[in-house]
Number of protein chains: 2
Amino acid sequence: MAHGGKLRPMKGIRQLAEHLDISIGTVSRALNGKPDVNEETRKRVLAAAEQLGYVANQSGRSLRQGTTNVIGLMIQSSRETVENSDNFFLTVTGGLQSVFSRHNLDLIMLPCPHDEDPYEYLKRMVARRIADAMIISETQRVDKRFDLLAKAKIPFAALGRSLSGAQHAWADLDFAGVANAAVDRLVAHGHRRIAISAPASDINLGFIFVEGYRRALERHGIPYDPALVLRAKSSEQGGYQVGDELLELQDRPTAVILIYELMAIGFYRRVMEAGIIPGRDIAVVSFREAPRAKFLQPALTCFRTSVHDLGVELAEILLSSMPAYSQEYPRKTRQTVWPLELIPGESDAFHLTTER
Amino acid sequence: MAHGGKLRPMKGIRQLAEHLDISIGTVSRALNGKPDVNEETRKRVLAAAEQLGYVANQSGRSLRQGTTNVIGLMIQSSRETVENSDNFFLTVTGGLQSVFSRHNLDLIMLPCPHDEDPYEYLKRMVARRIADAMIISETQRVDKRFDLLAKAKIPFAALGRSLSGAQHAWADLDFAGVANAAVDRLVAHGHRRIAISAPASDINLGFIFVEGYRRALERHGIPYDPALVLRAKSSEQGGYQVGDELLELQDRPTAVILIYELMAIGFYRRVMEAGIIPGRDIAVVSFREAPRAKFLQPALTCFRTSVHDLGVELAEILLSSMPAYSQEYPRKTRQTVWPLELIPGESDAFHLTTER
DNA sequence: ACGCGCTCCGTAAACGTTTACGATACTATG
DNA sequence: CATAGTATCGTAAACGTTTACGGAGCGCGT
């Protein structure tokens, strides 16, 4: 106040210091809650900072203490294999942030361009030290990014499992469990010829889903028939295509497990064109994220969970592997298989009669 | 090579310099394509940097030259009003990046937590100087963020119009045009009582959409009836609710304009429950982003565009207002109303007979 | 031989913070 | 009163880069 103008944009901590007639070091200590500063001067500093709208320059801070207070979430902006992005990432993000914000950590999303190799992109981001820790998503069955991050000694967690990351930190939806429970349910309804849709098996999700399905069949003494595994994109288009392929199969399956709700829209359309009605002529079960599928007719039987809470879990897993926060988030294990819940609908609400 | 170990993690430009027995200044100039450096030593430097995996520390660089080479895209991670995010943002992001990557600019997404005020969040990000320029989205009818960014003198562009940003840079889907064309088409088919769904009018999109609708009606001499404006969320749920409300209306409309394709799923479901069939008993027109709606039965008549190209346009608009790039992207105007194209379906493919 | 211009390179300051260290004043203790 | 201890603060170095500036070497024309 003594020195004049008060609302011009702050230039740095130096200005703030001489505005207060205090040394720059004390100001810094005051702002950062460090000891060795009189409680009354701290108040003055905080008040002045608030009034002048001072916010520490992040570059300066990062340079000095080698930390950014930023967590990076890498996503692939539009891969062919993953058209199901939808609100999924935004919902996970919400969960992540609800945890991070408690520690003044900001989350940024790093969208890898489709024309750039994800590995190279991540490498660039890591080298730039744009974030203190990383979260990677859409993990592949073998995924070099795990080694990259481990070698770079940067804390990280994955949204999705991988062979390459078995011993690292991750959280993943329990798609093996979904396939398992779906098969159980369908078998209980009398089905024995059950098809399944999945992404290509180099996407780890695709592998795990089919693997759960295979084991469940085995448990029920039903032979595994590779012809019943229909690889397709997780979109309406993909669902339509699954319908197409299914209709071509000889000894047509009486039930199908879709991996994503969007597929159901296309699948419904396709089989209905052939006069086949879901829930009467064929049983359909799927995973769903948003409250969408219930608007299908007949209502889709599906597995659901709180993707937001999955984000919370993943955030805690990540923090537990960051030295600065690990005490606050002690964990025995840093791998989570996130359960899903069955929401019964009408799309599989019939029992197969023996004569068929 | 002279000095020994070659694959340990680079610590800085200094290491690289003494590895080459060159001064640190020359190395920097070589890497950044500055003049005053022998073409052959430049090659040596680049080779060594590549081999040792050296990447400039971003904090140091930012601190020195006050620039980050990063563009920030602010999104609201999960507002009530916008449940239609879908792949929209990810697709726009793809378009943005295809332009930015040509200039070594990296795009990061800044998701505002739902429990934080978007204005405050943006203020924080700006103060942190986390990016050289900003793109904001989901603009409100009055949106303080425009003033904030203008006052901070940081280059920016908006995905969406706003009263507050009339003279700033933006690109927006032509929803007024959609409403206009939709009314034209429906009137040509004999409809005169046309309902419309839209988000709340403080979301600028909601205002513009209804305004286009109102003017089109006016042009056709049809009185504007506020009761036919059905405010709802842009989701399946919202569509279901629109169906609900529409069925309650006295002198029931013969046509409805939905603002988002997802709504059609819920809307179809609701009216079909009442025995009313889209494309026969009621005409439906909508906007669509993804190739989804065609899987509805009957196929939805809708307006479509390349959201990717919209991203490209927006990127160019932004660059044109950044001093460092404005010469490369000269523009007469920095405001774009992005056109959409009509994709005829069956959901409005009938003419209203006079007797009704 | 001298000076001039050009090419190339090294030196050092600066960006805004944080923090180790030392200095000062004051209090308590002997 | 001397001394040690404590609370509070100032000083300056350091983080990794970029860049203005000056200097060395060289060729060339007078």
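Letters A, B, ... mirror the listed sequences (proteins, then strands); counts begin at 1.
- When the ring pair (Phe, Tyr, Trp, His ring centres under 6.0 Å) test is applied to His103(B), the partners found at least two apart in sequence or on another chain are Tyr325(B), Tyr329(B).
- For Ser23(B), the side chain to side chain donor-acceptor pair (under 3.5 Å) test picks out Thr26(B), with sequence neighbours left out.
- Taking CD of Gln51(A) as the start and CG of Leu46(A) as the end, the distance is 13.0 Å to the nearest 0.5 Å.
- Under the salt bridge (charged side-chain N to carboxylate O under 4.0 Å, His left out) criterion, the residue pairs touching residues 309-325 of chain A are Glu313(A)-Arg331(A), with sequence neighbours excluded.
- Take the nearest nucleotide of DNA chain D for Ser23(A) and for Leu31(B): the residue whose nucleotide is more 5' is Ser23(A).
- The overall bend of the helix from dA1(C)-dT30(D) to dG30(C)-dC1(D), read as the angle between its terminal helix axes built from five base pairs each, is 70° when rounded to 10 degrees.
- The main-chain N or O of Arg161(A) is found under 3.5 Å from a side-chain atom of Thr139(A) such that the two form a donor-acceptor pair.
- Within the structure, the salt bridge (charged side-chain N to carboxylate O under 4.0 Å, His left out) test picks out the following pairs touching residues 42-70 of chain A (sequence neighbours left out): Glu39(A)-Arg42(A).
- In this structure, Arg14(A) places its CZ atom 11 Å from P of dT11(D), rounding to the nearest Å.
- Between the Ser321(B) side chain and the Ile317(B) main chain, a donor and an acceptor come within less than 3.5 Å of each other.
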Anything under 3.5 Å between a donor and an acceptor, one on a side chain of residues 104-113 of chain B, the other on a protein residue two or more places apart or in another chain? List them.
residue	atom	partner	partner atom	Å
Asp106(B)	OD1	Arg124(A)	NH2	2.3
Asp106(B)	OD2	Arg124(A)	NH2	2.9
Asp106(B)	OD2	Arg128(A)	NH1	3.3

Heteroatom pairs (N/O) under 3.5 angstrom, protein to nucleotides 21-28 of chain D:
none

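- Residues of residues 59-70 of chain A that place a heavy atom closer than 4.0 Å to DNA chain C, in numerical order, are Gly60(A), Arg61(A), Arg64(A), Gln65(A).
- Pairs of residues two or more places apart, or lying in two chains, never qualify as salt bridge (charged side-chain N to carboxylate O under 4.0 Å, His left out) while including a residue from residues 25-38 of chain B.
- Here the C1' atom of nucleotide dC9(D) and the CD1 atom of Ile24(A) are 13 Å apart, to the nearest Å.
- For Thr68(B), the side chain to side chain contact (heavy atoms under 4.5 Å, CB included) partners at least two apart in sequence or on another chain are Gln58(B), Ser62(B), Val70(B), Asp132(B).
- In terms of phosphate contacts, Thr41(A) brings a side-chain nitrogen or oxygen within less than 4.0 Å of OP1 or OP2 of dC9(D).
- Taking a heavy-atom distance under 4.0 Å as the criterion, the stretch of DNA chain C touched by chain B extends 5' to 3' from dC8(C) to dG16(C).
- Applying the salt bridge (charged side-chain N to carboxylate O under 4.0 Å, His left out) test to residues at least two apart or on different chains, none of the pairs has a partner in residues 88-99 of chain B.
- Enclosure of atom CD in Gln327(A) is not indicated, since only 12 or fewer non-hydrogen atoms of other residues, nucleotides or ligands lie within 6.0 angstrom.
- The aromatic rings of Phe146(A) and His168(A) lie parallel to each other, with less than 30° between the two planes, well short of the 60° mark.
- Close to dC9(D), at under 4.0 Å from its OP1 or OP2, lies no side-chain N or O of Thr26(A).
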